[in-house]
K.L.:
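Below you will find the structure I want to go over with you.
Side-chain atoms are counted along with the backbone in the values below, which use heavy atoms only and exclude waters and symmetry mates. Whatever order the structure lists ligands and atoms in, that order sets their numbers, starting from 1.
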Amino acid sequence: MSSNTGYSDKNAKSVTIQGPGESGTDKYIQSSWQRCRDQYKMSPDTNVELVSLSESEVRQRREPMEKLLSDSEEVFDKIRTVSKQSGYAVLITNTEGVVVKSYADSNISHDLEQKGLRQGTLWSEKIVGTNGLGTCLTECRPVTVFAKEHYGFNLHNFSCSAAPLISPDGTPFGALDISTYASGNRLYQALALNLVCETADEIEAIVFKNAYANQRVISLSFSPYRPETNALIAVNDSDTIIAATTPLLLTLGCRDRYELVGRKFQEAFSQNLEQLESAGVVELFVRISDKPVKLYAAWLHNSAFESQLKASQGTVSKSSGSTSDIAKRAVSGDQACDTPLFHAAGEEPQLLKQASRCQRMVNKGISILLQGETGTGKEVWARALHESSDRADKPFITLNCAAIPESLIESELFGYGAGTFTGGLKAGKVGKIQASNGGTLFLDEIGDMPIELQASLLRVLAESEIIPLGEVNPVKVSLNVICATHRDLKELVSSGEFREDLFYRISGFQIALPSLREREDKPVIIEKVLRALCMDEDNADNVQVTPDALEVLCRYQWPGNIRQLKNVLQYAMCMREGDLIQVDDLPDEVFAAPVVIGHQSDQFAYAPPSRMVSMSGGAQSEAVSARQELSEKEELELVLKQNRWVVTRAAKALGISRSTLHRKIKKYNLFIDNNADELDSLV
Ligand SMILES: Nc1ncnc2c1ncn2[C@@H]1O[C@H](COP(=O)(O)OP(=O)(O)OP(=O)(O)O)[C@@H](O)[C@H]1O
């Protein structure tokens with residue numbers, strides 16, 4: 001079977017070693033130099049500064065990879081033996097490029113350690129320029145960066161070969177690198193590149209087998225006598241291929257994993273699974289490319305599979321439950337799936353995987369950063385994390401850094417002592433950090449935190465104590481901070497708007513929440529949001545969306561994500577007659593031309609509804625109440641507009657009585673100032 005890479009260093013022959021910016025080098029090197037020049041604004045041939053993370057910061061990053069590292073120990077032992085003889089240092093990074101583990105077993109590699117090729121160093125291409133690990137992670141492909149191909153002048157004497165480490169869904173979770181001093185010809189590096197690729201393949205296979213330990217896993221090879229390979233597929237109970245490893249995909253010449261994943265086994269391999277079950281090993285032909293490839297398939301006998309076999313007395317047991325149950329079990333191992341995190345994940349494969357990872361790390365003190373567009377459910381996810389933790393019975397406190405004036409953030413966070421401010425509360429005020437003591441502080445839109453305050457926050461996170469404004473005595477707090485943002489924090493770091501040290505402190509584990517348009521489980525989310533709305537209304541248990549309306553909803557681009565979906569369904573609930581939501585009941589916006597993706601349209605930049613601005617009990621302040629009122633006003637205005645200012649409908653959509661809505665309209669002066677001409681329609 002071909003290796004992970006399927007990549008032979010075929011361009012290497014034409015390589016002449018030249019400085020950054022000169023032509024004649026591998027394409028990926030040239031692309032990397034271009035990024036260094038144009039995107040990261042680095043000047044060539046200057047020294048680059050290596051960033052080293054502290055022991056605890058490295059520990060945070062290594063934690064999610066710990067199991068992988070221990071499961072792969074045997075594989076690492078092999079690469080260490082070869083590396084020792086050849087004077088290589090072995091480095092393993094996470095996706096950011098932070099070395100979470102390194103091995104130095106020779107004098108040369110000890111020397112390399114001193115030069116920065118060691119645990120804790122950050123090799124992100126953005127920070128260090130073209131380098132083995134950083135460029136491998138950026139390009140998501142195996143690379144060799146030799147001598148002057150490095151962008152930084154001080155890295156010119158290194159030779160580094162790296163390959164990405166790929167998880168069963170095809171996304172990288174880190175990279176493996178072997179590095180030494182550059183000498184002789186770049187061609188000699190082909191061996192090093194092969195070695196990292198083969199090792200990365202073996203690691204991928206280990207991760208794959210663990211992820212699908214309770215599934216049927218099949219190994220494919222070119223020989224009937226060597227059934228155990230790194231070319232693997234997992235099939236579910238309906239004989240659909242649910243995952244495949246990179247070596248197999250490359251062997252078959254697949255350009256996309258979905259050329260195989262998602263297909264029925266029989267359709268892809270012109271052989272049904274019953275034959276394989278009875279024969280043990282079967283010959284089959286794969287029809288991916290024009291020319292059929294002959295392979296041998298064999299069951300992979302991992303222990304879980306064998307015990308399954310025994311339990312079903314020699315026949316392959318078909319798992320019970322839906323495909324989504326299986327997917328959940330596959331990603332979660334033996335963990336229970338009925339938890340707040342799995343509820344928040346819906347049936348979206350990416351999120352199910354994240355739920356499983358988060359479940360394992362909630363009580364480990366790892367700082368979590370949630371990223372995603374507005375309305376994708378960052379706060380819902382943060383709450384689920386809190387509810388899954390040992391802190392669940394303690395407060396969950398939210399501060400939206402974008403929603404309140406910069407001048408207020410400091411006092412909101414730290415609180416203030418009695419008599420500190422003219423106009424402030426007489427008795428002083430407890431800040432959010434203190435209010436979250438023992439529980440969780442959710443800092444939403446952390447990218448909007450003023451730079452001057454970032455230093456204070458960093459100090460609090462490091463020392464776990466605060467000094468309220470106007471006070472002198474520090475107060476100890478037990479802090480658990482979850483941060484969220486819709487902005488690219490790394491970009492803000494590059495432009496100097498966000499402190500790099502704070503970024504590393506808050507991003508021990510990063511979760512990207514997909515936009516609604518990207519989610520594969522749209523119908524599930526639509527159903528879930530609809531059910532929640534139905535619960536707020538009497539006799540609405542049987543409300544359903546017709547297939548036509550569902551199709552419109554699934555096709556729409558949802559720039560405002562789940563929040564917008566909720567508003568649209570609220571509107572449709574009001575417009576429906578009987579128990580069916582039809583196409584005609586949907587608002588005009590879902591028929592609109594697709595909006596520009598990736599730019600938040602103001603139309604959808606709603607403030608969160610007041611119930612999502614979570615304040616625990618006594619921590620509410622006047623400023624907070626004012627903000628909640630602002631959110632409520634905007635929400636009322638929005639729902640009234642959606643319901644063409646028909647109060648009966650709007651009240652229904654909001655789940656409040658007509659008289660309450662009239663009272664609120666009066667309270668917020670809604671129609672007098674802003675909508676005088678629509679006054680007549682208020683009934
Ligand atoms: N998984 C989910 N299931 C049902 N409803 C959800 C889910 N995720 C989010 N929602 C709903 O979508 C709305 C937006 O969610 P949330 O406030 O968590 O998003 P957000 O990403 O934090 O938004 P913002 O960035 O604007 O603060 C809320 O009404 C929430 O109840």
Side-chain angles (χ1 to χ4, degrees), residues 324 328 337 339-352 354-355 358 368-388 396-404 440 442-449 482-489 510-536 553 558-571 573 598-615 627-628 630-632 634-635 638-639 653-655:
S324 61
K328 285 184 184 182
C337 297
T339 68
L341 281 164
F342 279 102
H343 281 289
E347 294 194 10
E348 167 60 35
Q350 283 179 55
L351 287 178
L352 285 169
Q354 298 292 28
C358 288
I368 295 182
L369 176 66
L370 305 171
Q371 285 165 308
E373 294 175 14
T374 185
T376 44
K378 297 187 287 297
E379 181 163 346
V380 167
W381 196 267
R383 269 180 190 286
L385 282 165
H386 171 72
E387 282 162 17
S388 307
F396 176 85
I397 304 287
T398 301
L399 177 71
N400 186 328
C401 305
I404 53 172
T440 300
F442 175 51
L443 294 177
D444 202 358
E445 296 310 348
I446 186 78
D448 289 280
M449 169 144 314
I482 300 174
C483 295
T485 180
H486 73 275
R487 305 175 71 179
D488 182 344
L489 281 193
Q510 297 179 31
I511 300 172
L513 296 183
S515 64
L516 181 54
R517 68 187 156 273
E518 288 166 322
R519 289 185 71 144
E520 290 172 23
D521 66 341
K522 276 191 217 79
V524 176
I525 285 287
I526 292 169
E527 174 67 12
K528 198 168 157 196
V529 173
L530 181 66
R531 283 303 129 231
L533 292 174
C534 289
M535 273 165 57
D536 295 341
L553 294 176
W558 300 109
N561 295 298
I562 307 179
R563 179 175 296 116
Q564 188 193 3
L565 169 68
K566 199 167 167 181
N567 291 333
V568 163
L569 288 176
Q570 253 166 353
Y571 174 93
M573 287 281 285
H599 293 278
Q600 300 291 336
S601 142
D602 283 349
Q603 189 190 350
F604 299 110
Y606 308 135
S610 53
R611 62 185 164 283
M612 295 305 294
V613 180
S614 154
M615 296 295 140
R627 206 167 79 247
Q628 280 188 313
L630 183 71
S631 305
E632 184 176 50
E634 285 171 353
E635 191 185 12
L638 174 75
V639 177
L654 289 160

K.L.:
Is there side-chain contact between N400 and F442, with at least one heavy-atom pair below 4.5 Å?
P.N.:
no
K.L.:
Check for me whether K566 has a heavy atom closer than 4.0 Å to any atom of ligand 1.
P.N.:
yes
K.L.:
Quick one: are L565 and L516 in side-chain contact, heavy atoms under 4.5 Å?
P.N.:
yes
K.L.:
May I ask you to identify, for N561, whether its side chain, its backbone, both or neither come under 4.0 Å of ligand 1 on a heavy-atom basis?
P.N.:
neither
K.L.:
Taking heavy atoms and a distance under 4.0 Å, where does K528 meet ligand 1: side chain, backbone, both or neither?
P.N.:
side chain
K.L.:
Hey, does R383 sit under 4.0 Å from ligand 1 if you only count heavy atoms?
P.N.:
no
K.L.:
Q510: what forms a side-chain contact (heavy atoms from CB on, under 4.5 Å) with it, not counting sequence neighbours?
P.N.:
E96, L369, Q371, F503, S507
K.L.:
So, is R563 polar-close to ligand 1, with some N/O to N/O distance under 3.5 Å?
P.N.:
yes
K.L.:
Mind listing the closest non-hydrogen atom pair of T485 and E445 along with its distance?
P.N.:
CA-OE1, 3.6 Å
K.L.:
Within the 4.0 Å heavy-atom shell around E445, which atoms of ligand 1 are there?
P.N.:
25 (O)
K.L.:
Please confirm whether V529 comes within less than 3.5 Å of ligand 1 when only nitrogen or oxygen atoms on both sides are compared.
P.N.:
no
K.L.:
Can you figure out which of T374, D444, I526, T485 has its heavy atom closest to atom 27 (O) of ligand 1?
P.N.:
D444
K.L.:
Of all the heavy-atom pairs spanning L533 and L569, show the shortest one and how long it is.
P.N.:
CD1-CB, 3.5 Å
K.L.:
Residues in salt bridge (charged side-chain N to carboxylate O under 4.0 Å, His left out) with E520, at least two apart?
P.N.:
none
K.L.:
If hydrogens are left out, which of G346, G377, A344 has an atom nearest to atom 1 (N) of ligand 1, that is, the closest non-hydrogen atom?
P.N.:
A344
K.L.:
Taking E373 first and then R563, would you say they form a salt bridge - that is, a charged N and a carboxylate O separated by under 4.0 Å?
P.N.:
no
K.L.:
Going by the closest heavy atom to atom 10 (N) of ligand 1, which one wins out of L565, I562, L370?
P.N.:
I562
K.L.:
Enter the distance from R519:CZ to I525:CD1 here, rounded to the nearest 0.5 Å.
P.N.:
4.0 Å
K.L.:
Below 4.0 angstrom from a heavy atom of E373, which ligand 1 atoms are there? Numbered from 1 as shown, please.
P.N.:
21 (O)
K.L.:
If you measure every N or O of N400 against every N or O of ligand 1, does any of those distances drop under 3.5 Å?
P.N.:
no
